Amino acid sequence: MTTATRETIIGDPVDRVDGPLKVTGAALYPSDFTFPGLTHAVLVQSTIAAGTIGGIDAAKAEAAPGVLAVITHENAPALIDAPLTPLGPPPPFPLRDNRILHQGQHVAVVVARTREQAAAAARLVEISYEEVAPVLSIADPRAPVLLDRWGLDVDRGDVTAALASAEVVYDETFTTAAVTNNPMGLFATVARWEGNRLTVHDASQDPMSARRALATVFGLPETDVRVLVPYLGGGFGAGLRTWPHVILTALAARVTGRPVKLVLTRPQMFTSVGHRPGTLQRVRLGVTRDGRLMAVDHESTATIAAVDDGGVEPVTQITGNAYSCPNVATHDRRARLHIPSPHWMRGPGTTQGNFAVESALDELSYTLGIDPIELRLRNYAEVHPGSGRAWSSEALRECYRVGAERFGWARRTPEIGSMRDGNWLVGYGMAGVTFTSGQARCQAAVSVRRDGTAHVRSAATDLGTGTYTIATQVTAELLGLDIGQVRVEIGDSDLPFAPYSGGSGMATSLSGAIHDAVGNLVRAFLDVVADDESSPLRGRRADDVTTTSGGIHVIDDSSIGETYADILARHGLPEITAHGERDPGVNAREPTANGSFAAWFAEIRVDADLGVLRVARIVSAVDAGRILNEKLARSQMIGGAVMGIGMTMLEEAVFDPETGRIVNATFGDYLIPANADVPDLDVVFVGTPDTVRPLGIKGIGEIGVVGVSAAIANAVYHATGRRIRSLPITIEQLL
Ligand code: MOS
């Protein structure tokens with residue numbers, strides 16, 4: 001059969017199919033689930049950052065009203081370590097011993113009949129600590145440093161020689177603050193045991209890995225654990241790990257023999273589910289006077305927890321593939337601190353690394369007197385620099401051209417401070433983005449029923465970005481059905497295997513699995529009518545047919561064919577189901593030279609007297625291959641831009657240098673963009689469907705945040721002459 005012959009559904013700006021469920025409250029998020037006899041757990045967290053627990057006195061808490069159990073390292077049953085996941089080792093389980101590795105570490109869990117009783121009793125748990133001085137700064141020489149822990153470093157040509165002989169040398173240092181994912185939906189877990197079977201509702205972006213972790217920890221067959229997450233109130237990477245509180249909730253349910261619900265508080269979200277690590281980066285560039293890059297050396301140190309090797313943070317990984325340059329060295333290091341585990345947050349590593357490299361190029365554009373876009377074009381990566389192979393698709397030049405046109409880049413006068421609007425200093429800045437989206441092995445089952453409707457099943461999760469909707473569109477188009485005839489069921493580890501919903505890879509991976517399943521399904525229908533004298537499709541091969549109007553017909557003659565419903569009815573079948581799988585390779589690493597691309601343009605205004613910074617406009621032009629749903633894709637880009645504005649101008653998880661406590665771990669103190677901080681955001685999609693990925697999809701989740709910071713910081717320089725190499729950009733830096 002041919003596929004994607006109709007372009008009428010894939011690409012349509014279809015409204016979210018789950019929208020009505022969400023606005024009517026019918027969509028159940030993890031914390032909405034309940035069971036008869038539900039009890040509630042509340043965490044007790046360490047008040048020190050490093051040391052040991054001397055003793056715990058839980059007597060008062062245990063005697064408090066409604067309390068069913070107080071679980072600490074002293075009475076917790078021994079558990080097996082959770083297994084490795086595609087993102088590395090699991091976080092250390094906190095109740096194994098008396099060690100304290102960060103402020104906010106879970107040291108006890110209190111279970112009571114009501115949440116209020118559990119919270120009250122949690123305050124009665126008395127803990128004595130033996131404290132040691134924590135290591136809390138990247139710059140602290142006591143911090144152990146991991147070198148190239150994940151083997152990502154690049155060494156191409158001879159950077160040292162090229163820097164030594166370069167006509168112009170650039171050498172600067174950048175820092176980016178730790179920021180937190182903080183999805184609106186507080187992470188929650190509801191666990192219930194029925195004998196030795198465990199059911200868990202959890203805010204997970206990866207129900208299959210959560211199932212595996214829980215099965216391993218409690219010594220169960222994986223089939224006896226079910227993890228459900230039909231709806232998720234955001235994740236941004238925070239849900240990519242089975243965090244200790246998930247295991248603690250299941251443990252609490254086992255210990256008490258009752259179903260248990262645990263909902264993290266907002267302050268606990270800052271310390272319990274990962275954050276974007278802070279970085280310290282050095283960028284050295286060697287260029288010719290006419291702007292050709294001869295050497296790129298990018299080294300980064302990102303923070304990591306004192307004991308935890310999960311979560312690769314590839315700050316410098318993309319640098320060697322963003323521009324054409326004969327001599328490239330990149331170094332990724334991690335400094336071990338007594339902080340809560342950093343982990344993936346939208347565009348992990350790349351976001352911080354892009355800020356440094358794209359700021360550095362902007363600085364060079366002023367040094368050399370070359371327009372920032374022109375400088376990038378002079379170093380354009382016509383082929384994938386690392387492999388020398390052709391990109392599987394690539395439209396970065398289009399991103400620059402179309403983005404510049406929409407933004408009005410030609411109106412920019414290059415001199416610093418030359419664009420003024422009354423008391424506002426106006427600045428234009430831009431940044432380029434090269435990004436590698438993930439994809440991984442994924443399965444789906446697709447059924448067509450007697451009533452002509454289709455049912456799609458996969459363990460995939462929808463973070464809120466539109467997985468239900470794009471899966472509906474892809475299935476509808478491939479089967480020749482209407483949107484309303486397709487029902488998608490996801491977010492359940494009992495369904496066919498799906499990878500984690502992250503790395504901008506779910507749309508690609510799931511679409512590939514659905515594509516395979518639909519191909520198998522059409523073949524299954526042809527098999528059913530293979531000897532059916534009354535079928536116009538008798539004896540037809542898959543290559544001869546295509547799908548439209550609720551059925552299958554011959555490619556060259558749409559009058560020869562019949563509907564799925566007719567075939568099922570005539571053969572007395574309630575439905576036919578087919579399974580599909582796509583596996584892009586043993587590892588999720590791309591076997592080809594694959595990339596998504598974007599160009600960002602920002603107009604900012606700085607009050608000449610007060611240093612107040614406002615973003616006036618942002619334009620992004622994006623090559624993400626085939627766009628499945630322009631409305632959802634635009635939404636992703638806009639959301640990413642808002643997040644980018646946050647990390648550029650507002651957000652910083654401030655660790656107290658003495659205690660390691662995040663001093664601003666509330667939405668009152670931790671600043672995130674409000675409507676007034678977010679200007680007009682214009683998004684335009686360019687490029688063509690990818691040549692190697694399923695349906696030409698390249699993924700769009702993360703590229704929306706990468707590049708925003710440099711575009712804004714570069715615009716700030718254009719307006720003020722202040723080169724800010726430290727995020728977030730604060731008013732103090734602009735006064
Ligand atoms: Mo994203 S950081 O892969 O959820």
Side-chain angles (χ1 to χ4, degrees), residues 30 85-88 91 150 176 178-185 187 202-210 229 231-243 269 273-277 279 302 304 310-315 317-318 341-354 433 435-442 459-467 470 490-491 498-510 584 587-590 594 596 624 632-633 635-637 639-644 646-647 651 697-709:
T85 75
L87 300 183
W150 289 269
T176 63
V179 296
T180 61
N181 309 37
N182 264 313
M184 284 304 292
F187 272 30
D202 182 45
S204 174
Q205 292 171 235
D206 189 357
M208 299 311 280
S209 290
V229 51
Y231 296 97
L232 186 57
F236 314 113
L240 288 172
R241 259 189 144 182
T242 308
W243 294 103
M269 289 290 287
V273 295
H275 64 269
R276 190 191 296 288
T279 68
I304 194 168
V312 51
E313 189 76 20
V315 178
Q317 189 192 10
I318 204 75
S341 297
H343 203 255
W344 275 18
M345 176 169 167
R346 201 175 198 167
T350 310
T351 304
Q352 304 97 304
N354 177 281
V433 181
F435 188 81
T436 307
S437 300
Q439 53 171 329
R441 182 173 75 93
C442 187
T461 44
D462 186 337
L463 286 92
T465 48
T467 307
I470 59 99
I490 54 175
Y500 60 84
S501 197
S504 304
M506 182 49 80
T508 312
S509 305
L510 180 58
N587 297 316
R589 295 270 167 80
E590 303 285 354
N594 201 271
S596 303
L632 294 176
S635 221
Q636 283 268 59
M637 292 302 300
V642 174
M643 208 174 218
M647 72 173 282
E651 295 185 49
I697 304 162
K698 294 205 283 194
I700 200 149
E702 294 166 293
I703 198 166
V705 71
V706 185
V708 181
S709 295

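Start at 1 and go down the list; that is how both ligands and their atoms are numbered. As the structure is a computational prediction, the values presented were derived from the model and not from experiment. Numbers for residues simply follow the sequence, beginning at 1.
Within ligand 1, the atoms closer than 4.0 Å to a non-hydrogen atom of Q205 are 4 (O), numbered from 1 in the order shown. Those atoms of ligand 1 with a heavy atom of L240 less than 4.0 angstrom away are 3 (O), 4 (O). Within ligand 1, the atoms closer than 4.0 Å to a non-hydrogen atom of G503 are 1 (Mo), 3 (O), numbered from 1 in the order shown. Close approach of ligand 1 to R346 (heavy-atom distance below 4.0 Å) involves ligand atoms 2 (S). Distances below 4.0 Å separate heavy atoms of M345 from the following atoms of ligand 1: 2 (S).
For the pair S504 and ligand 1, the shortest N or O to N or O distance does not fall below 3.5 Å. Checking only distances, G502 never comes within under 3.5 Å of ligand 1, N or O to N or O. Among the atoms of G237, some N or O lies under 3.5 angstrom from an N or O of ligand 1.
Using modelled atom types, no side-chain atom of R346 and backbone atom of N181 make a donor-acceptor pair closer than 3.5 Å. Between the side chain of E702 and the backbone N or O of S504 there is at least one donor-acceptor pair closer than 3.5 Å. Formation of a donor-acceptor pair under 3.5 Å by the Q439 side chain with backbone atoms of S509 is not found in this model. Of the possible polar contacts, one joining the S437 side chain to the K698 backbone as a donor-acceptor pair under 3.5 Å is found.
For the atom pair Q205 CD and L240 CG, the distance stands at 4.0 Å (nearest 0.5 Å). With rounding to the nearest 0.5 Å, the separation of CD in E313 from CH2 in W344 is 9.0 Å. Within the model, atoms CD of E651 and OG1 of T176 stand 12.0 Å from one another, a figure rounded to the nearest 0.5 Å. To the nearest 0.5 Å, atoms CD1 (I304) and NE2 (H343) are separated by 9.5 Å.
Proximity of E702 to ligand 1, defined as any heavy-atom pair under 4.0 Å, is confined to the side chain (atoms from C-beta onward). Contacts with ligand 1 closer than 4.0 Å are made by backbone heavy atoms (N, CA, C, O) of F236 only, the side chain lying farther away.
In this structure, G235 has no heavy atom closer than 4.0 Å to ligand 1.
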